[in-house]
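One structure is given below, encoded as structure tokens.
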Number of protein chains: 2
Amino acid sequence: MECGLHFTKEVLNGKWKAGLLKAISIDIKRPSDMLRAIPDITKRVMNVQLRELEQHGIVTKKIYHQLPLKVEYSLTELGASLLPIINAMNQWGENNRAYLQTVIAKDAPVLPELDEKRRKVC
Amino acid sequence: MECGLHFTKEVLNGKWKAGLLKAISIDIKRPSDMLRAIPDITKRVMNVQLRELEQHGIVTKKIYHQLPLKVEYSLTELGASLLPIINAMNQWGENNRAYLQTVIAKDAPVLPELDEKRRKVC
DNA sequence: TGCCTGGGGGATAAAATTATCACCTGCTGA
DNA sequence: TCAGCAGGTGATAATTTTATCCCCCAGGCA
């Protein structure tokens, strides 16, 4: 048997998943909008991670067979139940960013700072 | 700038880190005890991950220059502040394990189920 | 036609993470 | 003296994750 942590890590395991979920949660649900909100992600990788989230039952994909073609991702109930955790992680990071920046080397993803539908997310 | 999520993921990023922190939090703080508590981890990897946690200011290492040699890891205040998140992740996983097991393939780490100091952790 | 937007994928390379293995220091007990 | 426990590391493999590239479809527009 594995402990609960295992499943959660498995689900959130992916460089951009938490960010994608956060994006969807603040109503950025179309692929092209996500690409704009998360500058460093690439289309390919985003699709792969979204597909995994979908297979894990965290998000659902809805295709509108209209023109122009439109696709929207939404959080499932299960996915929504992850938000408190994601928000707590985000909060913890913010609370300690000043310190963490000094001990963590690398450069990384981008940040929020609301705006319109064009704000960056993570 | 990066969003808070980034830092938190960076800190928890490592196959065994959350499990190690959980172990320390339930008073399994000696390396050899951790190895017994987390069956699948190897000494080498455990040391590497503990060192990263230490460099990130999440745990502290105390060496007792006594005989037999004794080493103990403890959570720093910062590390302790991560526990609510780790516990929430653990809880979420437990709450949804029945379902998650059906959508996640791989096999993984081990689980808790208290005992003495020999209980397995994660 | 040529080019842009919106959505998506296969093949493959590059990078990062984990795991293996062998070997080292000290002390204790048989 | 050999074995075992406690703690630990360098070098190297194996695996997993991410990223790159290039191509596909359809429709609008100029």
Side-chain angles (χ1 to χ4, degrees), chain A residues 6 9-20 23-24 28-56 59-74 104-110 117-118 122, chain B residues 6 9-20 23-24 28-56 59-74 104-110 117-118 122:
Chain A
H6 168 63
K9 290 187 62 182
E10 186 66 33
V11 166
L12 291 181
N13 169 343
K15 185 168 177 181
W16 315 93
K17 287 185 187 168
L20 287 169
I24 296 175
I28 295 180
K29 17 184 75 173
R30 297 187 60 183
S32 47
D33 286 335
M34 294 181 197
L35 284 175
R36 276 188 285 268
I38 308 177
D40 294 333
I41 199 175
T42 59
K43 212 196 307 183
R44 189 70 170 65
V45 173
M46 181 182 80
N47 286 331
V48 169
Q49 307 226 336
L50 282 172
R51 199 177 311 126
E52 283 177 17
L53 287 171
E54 199 189 348
Q55 292 173 337
H56 288 170
V59 305
T60 52
K61 176 180 184 177
K62 180 159 187 178
I63 301 177
Y64 293 82
H65 288 98
Q66 56 176 49
L67 294 178
L69 179 54
K70 178 176 168 184
V71 171
E72 270 190 5
Y73 286 90
S74 306
I104 294 179
K106 325 176 185 178
D107 45 332
V110 199
K117 271 297 178 55
R118 280 186 141 51
C122 201
Chain B
H6 168 63
K9 290 186 64 183
E10 186 66 32
V11 166
L12 290 181
N13 168 345
K15 186 168 177 182
W16 314 93
K17 287 185 186 168
L20 286 169
I24 296 175
I28 294 179
K29 18 184 74 174
R30 299 187 58 183
S32 49
D33 286 335
M34 294 181 196
L35 284 175
R36 277 188 286 268
I38 308 176
D40 294 332
I41 200 175
T42 59
K43 213 196 305 185
R44 188 71 170 66
V45 174
M46 182 181 78
N47 286 332
V48 170
Q49 307 227 333
L50 282 172
R51 200 176 310 127
E52 283 177 16
L53 287 171
E54 200 190 347
Q55 294 173 336
H56 287 170
V59 304
T60 51
K61 176 181 184 176
K62 180 161 187 176
I63 300 177
Y64 293 83
H65 288 97
Q66 57 176 49
L67 295 177
L69 180 54
K70 179 177 168 185
V71 171
E72 270 190 7
Y73 286 89
S74 305
I104 293 178
K106 324 176 184 178
D107 45 333
V110 199
K117 272 296 176 57
R118 281 185 139 50
C122 200

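Below, chain A is the first sequence line, B the second, and so on; all start at residue 1.
Listed pair B:S32 / D:dG7 meets the phosphate criterion, a side-chain N or O lying under 4.0 Å from OP1 or OP2. Within the 4.0 Å cut-off from OP1 or OP2 of C:dG7, not a single side-chain nitrogen or oxygen of A:N47 is found. OP1 and OP2 of C:dA15 both lie 4.0 Å or more from every side-chain N or O belonging to A:K15. Side-chain nitrogen and oxygen atoms of A:R36 include at least one within less than 4.0 Å of the OP1 or OP2 phosphate oxygen of C:dG6. For the OP1/OP2 pair of C:dG9 and a distance below 4.0 Å, the side-chain nitrogens and oxygens of A:R51 include at least one atom meeting the criterion. Between B:T42 and C:dT18 there is no side-chain N or O to OP1 or OP2 distance below 4.0 Å. Proximity of A:K43 to the phosphate of C:dT5: no side-chain N or O atom is located under 4.0 Å from OP1 or OP2.
Going from atom NE2 of A:H65 over to atom P of C:dG8 covers 10 Å, rounded to whole Å. The nearest whole Å value for the distance from the CG atom in B:D33 to the C1' atom in D:dC5 is 12 Å. Atom-to-atom, CE of B:M46 to P of D:dT9 comes out at 10 Å; the value is rounded to the nearest Å.
Candidate nucleotides C:dT18, C:dG7, D:dT18 were compared by shortest atom distance to the side chain of A:P31, and C:dG7 ranks first.
The distance from the CD atom of A:Q49 to the NZ atom of A:K15 is 9.5 Å, given to the nearest 0.5 Å.
An end-to-end axis angle of 20° holds for the helix from C:dT1-D:dA30 to C:dA30-D:dT1, taken from five base pairs per end and rounded to 10°.
The 5' end of DNA chain D is approached more closely, in terms of each residue's nearest nucleotide, by B:I63 than by the other of A:Q49 and B:I63. A residue-by-residue look at A:L69 and A:R44 shows that A:L69 has its nearest nucleotide of DNA chain C further toward the 5' end.
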